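These notes are about the structure you will find just below.
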There are 2 protein chains.
Amino acid sequence: MSLELTFLGTGSAFPCPARGASALLLRRDGHCWLFDCGEGTQTQLMRSHLRAARITKIFITHLHGDHIFGLPGLLCTLSLQSSPDASKAPVDIYGPLGLRSFLWRSLELSHSQLLFPYTVHELVPTRDQCPPEEFRDFSGLDRGETPAQAPPGRVLHLEPGEDSYLLLEDEQLVVRAFRLFHRVPSFGFVLEEKPRPGKLNVQKLKDLGVPPGPLYGQLKRGAAVVLESGATVRPGDVLGAPVPGRKVCVLGDCSGPVGPAAERLCRGADVLVHEATLEDGMQELARERGHSTPGAAARFARCCRARRLVLTHFSQRYGPDDLGRLKKQAEALLDGQEVTLAEDFMTIEIPLKR
Amino acid sequence: MSLELTFLGTGSAFPCPARGASALLLRRDGHCWLFDCGEGTQTQLMRSHLRAARITKIFITHLHGDHIFGLPGLLCTLSLQSSPDASKAPVDIYGPLGLRSFLWRSLELSHSQLLFPYTVHELVPTRDQCPPEEFRDFSGLDRGETPAQAPPGRVLHLEPGEDSYLLLEDEQLVVRAFRLFHRVPSFGFVLEEKPRPGKLNVQKLKDLGVPPGPLYGQLKRGAAVVLESGATVRPGDVLGAPVPGRKVCVLGDCSGPVGPAAERLCRGADVLVHEATLEDGMQELARERGHSTPGAAARFARCCRARRLVLTHFSQRYGPDDLGRLKKQAEALLDGQEVTLAEDFMTIEIPLKR
Ligand SMILES: [Zn+2]
Ligand SMILES: [Zn+2]
Ligand SMILES: [Zn+2]
Ligand SMILES: [Zn+2]
């Protein structure tokens, strides 16, 4: 099953012709999941080979404009492209508390009636995710204002034991969010596939007298089988070690993580997407603005032993000639491991493990 | 004094790479005034030769997303480019009731603190500007929610005698809004320069014994002068006929005007910018969606004897090859007068009259 990331916007603060505002599309099994949606994302999608209509889930790292101002327009355009179908599964949108109000107000005031259902699941940040003077409590917003028309969705609190938020889980994968420190509360997302069963050992199957056919499938799916001889064969007898799934981590703007979950959840990531707004040597300014440098991103990647670090969210001050410098700054800390600089429309494939 | 229009987005419904969402920049005397601000307008501005920092006034025709979703992001980027200066004149934003709430919520929830002051002046529409089932009363919005932080501004009601809204007036010009019918209440804007005094007739000045110098200027400015001889010379004695100012009319999306003001205010327009979303032959669909065809736009232009009709807001279904058809449809009703099809980045100069 293919798994790939396409960067639709890799610039910081505002969209430019050379680098759009933040947006990243993950494609798996025909489904497209969008991470952040800065202004112009729908136009970047049109410029790419991807189809906006395939988007089924949207994850918003934080509420800065360069990550959300494209969302109302994208939803309106998705709606224009869709036919009314009440039975359609809703588009699930995940993001910080306040996202529901932003979306609902924007759509309401622009008289936009979406033809498809959508839900907004809000993550409640903790106060230590931003400087105290920047923290705003959005929990009381829109109280008493026609909530019947507002989109449904869950309110997700930090699970204290886990230090993270469980967003969704099915047979194949699990998605969690963890906390980051930024000028405003920010989050990182981890998509992790569950391990696949190991390979069947055909020689062992023969030795144990399992006849080829449906019993093979049953064992592969993890169920024991009873042979005609009355003997029981367990999956562990004939299966190789489970094949680990892939792990993709997308971090929002941050000067660093909050709490221990970030490092634990990102451990061994196949791809770690981390911002590097400003170069090493501008650490002071970066920290003040709640941002990271290539060095800080690389240190985090090294801590979690990420297999591949991808830097993005570059200050619009940097032209193509400057970015080689940022790449080297990150690589200097990673022991020869190559670092990828994201560009608009770049696609990264993450191959299945064997 | 130069006066020019630059189209930044000429497409309908959503931004495309070939045609941005609605935005039009008027430049006069070094000031830039923006009409509508669809998603991506700030990026279109960067692609043009114009500087966003020069924008001092913004006019919004109606609250559909393809006319407003670029506004929060544009203001944030203007703020990034500006230095804090409390003495700076505010950016004046004019638009339908509800615009203040849209802007304020978007900026508030995205934690955007603008470094320059701005005001939002809201036009209160009348109920007959859209189908009754679409009308929403936004007058109670945000009541009781920290109005101290919301931007200041006036609430403008229709002046019944005039059937229009007076937005601003100074020594040089006047800007009025008038009502249009659309799926949601929509407005048109007329900028009209006041007449300039006529030319001084130097022969007559000599004949009357007015000595060259400051008295010439006084007469030109419209003041009578008393000569040493005791004789009074009035401006009318020595000035030619006043030179009419220029008139630019920008209409929002509409299937037609509401009330008599539109035609009266647009009479003799030097440039009339009118939407033509769908071609003739799709009148039914156009009307249903509150839009115009080239024929409808041309009939309105003919009624007001506009000197130049510019069509814009074309459905994204039309490629460059289709639009010639729309041009011909409008020209067929205009007696050989050429019609202009707007394109992104097209600039139209409107010369001074003599
Ligand atoms: Zn950002
Ligand atoms: Zn940010
Ligand atoms: Zn429109
Ligand atoms: Zn409209």
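A note on names: the letters A, B, ... follow the listed sequences, proteins ahead of strands, and every chain is numbered from 1. Not measured: the values here are computed from a predicted model. These values consider heavy atoms only, across backbone and side chains, with no hydrogens, waters or symmetry-generated copies.
Looking at every heavy atom in both residues, F69(B) comes nearest to S112(A) through CZ-OG, 4.5 Å. The shortest non-hydrogen separation linking L80(A) to A13(B) is CD1-CB, 4.0 Å. A pairwise comparison of heavy atoms in F102(B) and S106(A) identifies CE1-OG, 3.8 Å as the closest pair. Contact detail for S110(A) and G65(B): the closest heavy-atom pair is CB-N, 3.8 Å. Taking both residues in full, the closest heavy atoms of M46(B) and C16(A) are given as SD-SG, 3.6 Å, listed atom of the first, atom of the second, then distance.
Atom CD of E343(A) has 12 or fewer neighbouring heavy atoms from other residues, nucleotides or ligands inside a 6.0 Å radius. Counted within 6.0 Å of CZ on R47(B), heavy atoms from surrounding residues, nucleotides or ligands total more than 12; the atom is thus considered enclosed. R154(A) CZ: more than 12 foreign heavy atoms inside a 6.0 Å radius.
Listed for the E39(A) side chain is no donor-acceptor partner under 3.5 Å among the backbone atoms of E39(B).
Atom CZ of R136(B) is separated from atom CD of E108(A) by 5.0 Å, given to the nearest 0.5 angstrom.
Aromatic ring centres of F135(A) and H111(B) lie farther apart than the 6.0 Å criterion allows.
Looking at Q44(B), neither its backbone nor its side chain comes within 4.5 Å of chain A, counting heavy atoms on both sides.
Put simply, of P96(B), P15(B), G98(B), the one with the most heavy-atom pairs under 4.5 Å next to chain A is P15(B). Ranked by non-hydrogen atom pairs under 4.5 Å with chain B, the options C76(A), G70(A), A21(A) are led by G70(A). Taking L99(B), T77(B), L109(B), D66(B) one by one and counting their heavy-atom pairs under 4.5 Å with chain A, the maximum is reached by L109(B).
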